[in-house]
Amino acid sequence: MVSFQATISAILGVFLLGALGYFAFRRRLISQHGLTEISRVLIDLCLPAALFYAMFVQYDPTKTSVLWFVGSAQLLFLVVGMLAMWGLATLWRPPQPLGTLCGLASLQNNVYLPLPIALAVLGPSKHIEVQFVIGCFVLFFTPILWSVGVVLLTRSQTENAGWWSVARKGLNPPFFAAIAGLGAKILWLHTGWQSPKILLDVLQMLGNATVPLAMLVLGGMLAETQISKALEWRGITAVALVKLLIVPVSALVFLRLVPIADPVVRFIILLEGTMPPATNISIIVRRFGGETDFVATTTFVTYLGCLFTVPLWLLLSP
């Protein structure tokens with residue numbers, strides 16, 4: 001029962017932030033130009049700050065076994081999501097670009113939902129361990145999202161461009177910030193320097209603005225979406241099936257086959273596997289171009305669906 005309550009509460013919190021963005025756009029507190037500018041602030045300032053901070057703080061070379069388990073699980077979710085979507089797209093032939101469908105099906109909400117759910121379900125005594133394990137997912141997921149994810153989600157905008165025009169979209173501020181944060185932490189560990197507390201505090205404050213701003217943009221995008229055109233059920237159903245059914249099954253199989261003794265690590269791997277698409281996908285297509293209407297609508301539908309699917313999967317936690 002606790003799992004149901006914690007899951008629904010966390011997801012409803014995200015919906016509430018999105019609803020504020022929706023009504024802010026409808027009330028003309030935020031314009032189309034404003035949404036674009038907020039997206040730029042997120043991509044070029046808040047997200048880089050958050051990702052540098054997360055990489056620097058969470059990386060710990062003494063936890064190599066956890067890193068191996070998490071990295072393997074994240075790669076599994078990515079590959080299963082892409083292959084399953086490729087198969088469904090071949091059968092159903094939805095009109096959306098395959099890259100957009102694969103991005104939505106393989107890139108999960110990495111922090112915004114898993115963290116509050118895990119903290120509520122596992123309790124305050126596991127707070128530090130929960131943050132560390134989810135931070136390990138960030139280490140692997142962030143470079144994938146802001147390199148491979150950006151290329152996949154914006155591929156329809158660069159179909160006739162050269163390889164460099166496509167690849168350089170993955171070379172963006174969040175990607176470089178994630179790599180820089182990891183590199184800085186390794187340098188600090190090897191040199192014995194003291195962590196720059198003032199700089200980290202500033203980065204943390206900037207990063208804390210990421211979640212509410214991202215959800216305001218998502219809500220605003222939904223408000224400007226032409227639902228009748230974006231509500232294409234073959235693509236939405238394919239993403240929902242892969243993200244809310246097939247990938248969670250792969251997470252359960254992974255946990256059955258891989259001997260992980262730590263129950264917190266096992267729980268969070270399953271939790272990550274049950275998550276809907278990353279909210280940052282909406283920010284990516286808004287900033288770099290892509291299927292903005294379809295992404296906003298599909299994200300909304302899958303978040304509604306995960307209100308029911310995530311608690312059910314958590315009950316099956318081995």
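Computed over heavy atoms, backbone and side chain alike; hydrogens, waters and symmetry mates excluded. We number each residue from 1, following the sequence as shown.
- Side-chain contact check for M85 versus S106: every heavy-atom pair is 4.5 Å or farther apart.
- Rounded to the nearest 0.5 Å, atoms CD1 (I269) and CG (L76) are 10.0 Å apart.
- Taking CD1 of I30 as the reference point, atom CG of L216 lies at 5.5 Å (rounded to 0.5 Å).
- Between V258 and S72, the closest side-chain pair of non-hydrogen atoms is not below 4.5 Å.
- Rounding to the nearest 0.5 angstrom, the gap separating the SG atom in C306 from the NZ atom in K243 is 10.5 Å.
- Here the side chain of T237 pairs no donor or acceptor atom with the backbone of R234 at under 3.5 angstrom.
- Taking the side chain as every heavy atom from C-beta outward, V148 and M82 approach each other to under 4.5 Å.
- Connection of F176 to V41 is not established within any shared hydrophobic cluster, with ILVMFWY side chains joined at heavy-atom distances below 4.5 Å, either directly or through further cluster members.
- In this structure, F77 and F137 have parallel ring planes: the angle between them is below the 30° cut-off, well short of the 60° mark.
- Summarising the local packing, CH2 of W86 is surrounded by 12 or fewer heavy atoms from other residues, nucleotides or ligands at distances under 6.0 Å.
- In plain terms, the two heavy atoms of M275 and N109 that are nearest each other are CG-O, 3.4 Å.
- Scanning both residues, L145 and I281, for their nearest heavy atoms gives CD1-CG1, 4.5 Å.
- Panel note: side chain T297, backbone F294; no donor-acceptor pair is recorded below 3.5 Å.
- In this structure, CD1 in I268 is found 6.5 Å from CG in L122, a value given to the nearest 0.5 Å.
- Residues C46 and A209 come closest through the heavy atom pair SG-CB, 4.2 Å.
- Not a single donor-acceptor pair under 3.5 Å links the side chain of Y53 to the backbone N or O of G181.
- There is a path of hydrophobic side-chain contacts, each under 4.5 Å, that joins L304 to V242.
- Side-chain contact between E272 and I134 is present, with heavy atoms from C-beta onward closer than 4.5 Å.
- With a 4.5 Å cut-off on side-chain heavy atoms, T309 and T274 do not count as touching.
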### Query
Run the side-chain contact (heavy atoms from CB on, under 4.5 Å) check on I236 and W233 step by step: do they pass?
CA-CA 5 Å; I236 293 174; W233 285 109; 4.1 Å; yes
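- I117 and F308 fall within the same hydrophobic cluster, defined by Ile, Leu, Val, Met, Phe, Trp and Tyr side-chain heavy atoms under 4.5 Å apart, directly or through other members.
- I198 CD1: 12 or fewer foreign heavy atoms inside a 6.0 Å radius.
- The CG atom of L42 sits 5.0 Å away from the CG atom of L213 when rounded to the nearest 0.5 Å.
- Shown here for G273 and V247, the closest heavy-atom pair between the two residues is O-CG1, 3.4 Å.
- Two different hydrophobic clusters hold V138 and L206 under the rule that ILVMFWY side chains link at heavy-atom gaps under 4.5 Å.
- Atom CG of L104 sits about 10.0 Å away from atom CD of E291, to the nearest 0.5 Å.
- Residues V66 and I260 are not in side-chain contact: their nearest non-hydrogen atoms beyond the backbone lie 4.5 Å or more apart.
- For the pair L75/F140, no side-chain contact is recorded, criterion being any heavy-atom separation below 4.5 Å from C-beta on.
- By the criterion of side-chain heavy atoms lying less than 4.5 angstrom apart, applied directly or through intervening Ile, Leu, Val, Met, Phe, Trp or Tyr residues, V79 is not grouped with L241; the two fall into different hydrophobic clusters.
- Within the 4.5 Å cutoff, side-chain heavy atoms of V295 are placed close to those of T299.
- The backbone N or O of L244 lies less than 3.5 Å from a partner atom in the side chain of W313, making a donor-acceptor pair.
- Residues A105 and V239 come closest through the heavy atom pair N-CG1, 4.5 Å.
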